[in-house]
Amino acid sequence: MKRRLLCLLTLESRIVPAAPTSWSPRGSGGGGALYSPSIGWTNSSEYTIASDMSQLFRSTNAGAQWSEVNHTEIQGNHYAKVNFTNDPLIRFCLDYTVVGGLDLIRPSKSTDGGATWTPLVADPTGGGAFNLFADPQNPSRLIVSDYTTVWLSTDGGASFVQKFSTADTNTGLHLAGAFFDGSNIYVGTNKGLYVSANGGSSFVLSTATGIPVGQAIVSFSAGKSAGVARFFAVTATAGNVYAGITGADNFEYIGVYTLTAGAAAWTASMTGVSPGTYPFFAASAVNDANVAYLAGGSDAGAPVVYRTGNGGASWTAVFNTTGNQNINTGWQGAGGDRGWSYGEYALGLAVAPQDGTRAIITDLGGAHATTNSGATWNALYVQPADLNPAGSNITPGDAYHSSGLDNTTSWSLTWANQSTMILGNSDVRGQRSTDGGQSFGFGYTGHTLNSMYRSFLHTNGNLYAATSSVHDMYQSTYLQDSRIDGGDGEVRFSTDGGANWQMLHDFNKPVVWVAPDPTNANRLYASVVHSTVGGIYVSNNINLGGASTWTKLANPPRSEGHPFNIVVLNDGGSPTIVASYSGRRNAAGTFTASSGVFVSTDGGATWADRSAAGMRYWTKDIVIDPADATRSTWYAGVFSGWGGPPNGLGGLYKTTDRGVNWTRINSLDRVTSLTIDPTNTDQAYLTTETDGLWYTTNLHAGSPTFARVDSYPFRQPERVFFNPYNAAEVWVTSFGGGLMVGSTSPTPTGTQVNDGSTQRSRVTSLAVSFGSAVTLPANAFTITGPSGSVAYTQIVSGATATLTFASLADGLYTLNMPATGYSFGFHRLFGDSDGNRTVDAADLLAFRLAFLGTSATFDFDGDGQVGANDFLAFRLRFLTSV
């Protein structure tokens, strides 16, 4: 599919003074497929992970917190693996950004430590790259391939020379890995091991035997120590190893092999790899020929990881999912809200290039890392303080704070009250918060289908929701009836803030929208999607709950069963129903002219087609302008399609006469929705498919000016929601970018623990600094730790907010300022006088000097003197860490 992106002739100023300048992730983290993890060369605490939802995530503190590289710099996907080098500023990666309507994959380079990225002008693949491998010890050398051909650059990507290729256009040339060793370069491929002994001037196929005919290398890594280089390879069925293959094909696994450089044959190395497990990835540190890891799937439906410390002579399972034996989990795992079958199999594996004790595995739902050779693993998608301890089942229903590693799709956000929020998702179904959106979890019953598309709070106090077993509705991949008709769908309701959901009606077909009638509290409308029975349905007796009855309304002209938004206007007497119908493609993939906006003034008995010509193929949200008392001003988001007539129609359309006439007031290629600021109706946010979030401060001008909100990092926001209890908060759902919140409130510039000293033996206060004097609401911050929330007293003086509390228990803590997304991590460990998170010999010396004195640092019992009780507490913690 080629997506048409119009060149904007008026890309107005990017200065957006009224929009948030920073955004904070919300939700429970994880949730979607993650690929191509990588660990830094000069900093083994720097991690990157890619997502097929376009993100390139980055952490600089070993995965405790994650940020997203802005979509305007680079976008990720399956093979967007960051290639770090020994120059901390230089790194390479594949960029999957859509450019000029084309789905390009371009080799890109950063020269400022990953902050900004530039596609290589000399890209030999013409935007069709499949793999990229850079020499970590020589940033001038990198290998790039397309489907059949490999090129080498020796000048940092300024130019390339073709090196080898395959004539096999069926499976192409899959690059399984590369190892640079001075003048020797080794490239593992599905066609064999290519070797250069002259710095890449020429390559030849290795003649080493040992891998049987019918097997092909699917993953390749190597390490070298004591002058010995050793290669590790995972093989799979040769005819099914193709360029672009992912870990989803782990069931093609056949064997694991090792080869010492210069040896004549590969050696089968599968001792310890259990039957019913299917390694796909091999990874190793480049400075150790003996340590390597394997990762893949299993018949048990859980990811597997093996480790060798003896060069592949034997392997040991180190990711032990039964009972979460050695895994500190988030919400996924044994006993959890989702089991290990949600992650299912590895989609990526990385080992720190110079530290074989560190590794990362990614899967269909999250990521986990070890820093101790696989002895223990930590989930990376929730904040560290929320981790469930290894060795026991997860308690379902707990709430979690996202670490920022979140690639869920979220559609709707509803406040049941000031503290209770319902987030509608695909894949993870939906989430619930009971602390004003600080944390989210799956603490509810009754909703079990894949997606919750829309929810709202009724005037009767109930929540109502549209749910479906079919995800990604009306995205480009879910427009054909064959992908939708087999789905299930329900309207659910809750009388207790979303804790428990009850069946209002089972349509046995996907439901994507529910809307109330402001003139009749017992009337509800639902959008049901199906090729023959799809349309808009109405109930006039929802007060009967599960006994409610539903009737299908007449089909609008041209429509073919793909209803979307419903808005009911209170016009006095019979209400006006406004509905959008979204895109549809027939079996041949051609768009049908069945989309648009339709209006009924007789309860749905008849409909008028109120669609502009450009809205007939792929209309999205219909929004009524609250500034127009007559309710005659509407906005419609429209996507451009492809294949001829649907091309170039996208943008934001406006009518001031209820759809009789429309004007396209913004020509971005694919616009989803518009949200108008309830406190200033001249201000509004516009969401797009690939161009990010946009903002205007003059919506009611003849030609409103929209500017991209460059602080919002993700390319496809879905809808914007204003917090009804805090006008400064702006919440954004997205197609694969999770949930984020921004604020116009002042943002902290830093936080000081206690008096600024390094000790973390006793922690009783935090001083949060701002750039200028501030006025803050009470409880503007949250402090969470091992036992949950920490109570505190807040005093604001000038540009500083001081939070005081009783001395904390040992553990990891996080300070958050929800309105701004600011987060600060710290710890408390009694006896840790130098703040290094370990009570060691240096702390013992400091304690001895303080013994029988009045040092507050070591006064554990608070009696004013460092005595025997304090020594007992110190001794219990000696040689421990947090």
Side-chain angles (χ1 to χ4, degrees), residues 24-34 37 47 49 51 55 57-59 61-68 303 319 321 324 326-340 342-343 360-371 376-408 410 421 423 425 427-435 437-443 737-741 782-789 811-816 818 821 823-827 882:
S24 176
R26 290 292 188 268
S28 58
L34 296 169
Y47 299 168
I49 292 176
S51 165
Q55 300 103 321
F57 294 104
R58 181 185 183 192
S59 173
N61 58 1
Q65 294 171 305
W66 295 83
S67 60
E68 179 184 339
F319 193 77
T321 56
N324 308 316
N326 66 333
I327 308 168
N328 298 307
T329 57
W331 48 269
Q332 302 173 60
D337 297 285
R338 301 291 186 276
W340 285 113
Y342 189 89
I360 301 173
I361 177 180
T362 63
D363 57 36
L364 282 168
H368 297 79
T370 180
T371 59
T376 58
W377 297 77
N378 290 332
L380 299 180
Y381 55 90
V382 300
Q383 293 186 10
D386 291 344
L387 290 172
N388 300 296
S392 60
N393 279 3
I394 302 167
T395 301
D398 286 347
Y400 298 88
H401 298 80
S402 171
S403 66
L405 188 66
D406 190 331
N407 59 338
T408 53
S410 52
M421 300 165 65
L423 177 62
N425 296 106
D427 297 331
V428 296
R429 303 172 188 164
Q431 301 174 57
R432 183 170 183 258
S433 173
T434 58
D435 57 7
Q438 293 309 300
S439 62
F440 282 82
F442 306 94
L739 175 69
M740 291 189 183
V741 60
T782 63
I783 305 173
T784 55
S787 299
S789 298
L812 301 174
Y813 291 82
T814 303
L815 168 76
N816 286 296
S823 182
F824 174 77
F826 62 101
H827 75 279
V882 293

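- In this structure, the side chain of Tyr813 does not engage the main chain of Phe824 through any donor-acceptor pair within 3.5 Å.
- For Ser24, the side chain to side chain donor-acceptor pair (under 3.5 Å) criterion is met by Arg26, not counting sequence neighbours.
- Side chain of Asp427 to main chain of Thr408: no donor-acceptor pair is present (N/O by atom type, distance under 3.5 Å, no hydrogens or angles).
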Kindly indicate, with the supporting measurements, whether the criterion side chain to side chain contact (heavy atoms under 4.5 Å, CB included) is fulfilled by Ser59 and Asn61.
-> CA-CA 6 Å; Ser59 173; Asn61 58 1; 2.9 Å; yes

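- The main-chain N or O of Gly365 is found under 3.5 Å from a side-chain atom of Gln332 such that the two form a donor-acceptor pair.
- A side-chain contact (heavy atoms from CB on, under 4.5 Å) with Leu34 is found for exactly one of Leu380, Leu405, Asp363, namely Leu405.
- With values rounded to the nearest 0.5 angstrom, Thr329 atom OG1 is found 6.0 Å from Tyr400 atom OH.
- In this pair, Trp340 and His368 present their aromatic rings tilted. The plane angle is within the 30 to 60° band.
- Figure legend: cation-pi geometry between Arg429 and Phe442 absent, as NZ or CZ is not positioned both under 6.0 Å from the six-membered ring centre and within 45° of its axis.
- Partners of Trp66 under the side chain to side chain donor-acceptor pair (under 3.5 Å) rule, at least two apart in sequence or in another chain, do not exist in this structure.
- Expressed to the nearest 0.5 Å, how far CG of Leu387 lies from CD1 of Ile327 amounts to 11.5 Å.
- Asn324 contributes a side-chain N or O that, together with a main-chain N or O of Ser392, makes up a donor-acceptor pair within less than 3.5 Å.
- Once rounded to the nearest 0.5 Å, the distance linking CD of Gln383 with OG1 of Thr784 reads 6.0 Å.
- Asn816 places no side-chain N or O within 3.5 Å of a backbone atom of Thr782 that could act as its donor or acceptor partner.
- Trp331 contributes no side-chain N or O that, together with a main-chain N or O of Ile394, makes up a donor-acceptor pair within less than 3.5 Å.
- Between Phe826 and the choices Ile783, Leu812, Thr814, the side-chain contact (heavy atoms from CB on, under 4.5 Å) rule is met once, by Ile783.
- Between the side chain of Asp435 and the backbone N or O of Gln438, at least one donor-acceptor pair lies under 3.5 Å.
- Applying the side-chain contact (heavy atoms from CB on, under 4.5 Å) rule to Ser402 yields the partners Pro25, Asp406; only residues at least two apart in sequence or on another chain are considered.
- Counted by atom type alone, Asn378 and Thr376 present zero donor-acceptor pairs between their side chains at under 3.5 Å.
- Within the 4.5 Å cutoff, side-chain heavy atoms of Asn388 are placed close to those of Asp398.
- Interatomic distance, OG of Ser439 versus NE2 of His401, reported as 4.5 Å (0.5 Å rounding).
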Given the rule in the side chain to side chain contact (heavy atoms under 4.5 Å, CB included) test, do Ser403 and Val382 qualify, once you have shown the distances and angles that lead to the verdict?
-> CA-CA 5 Å; Ser403 66; Val382 300; 5.7 Å; no

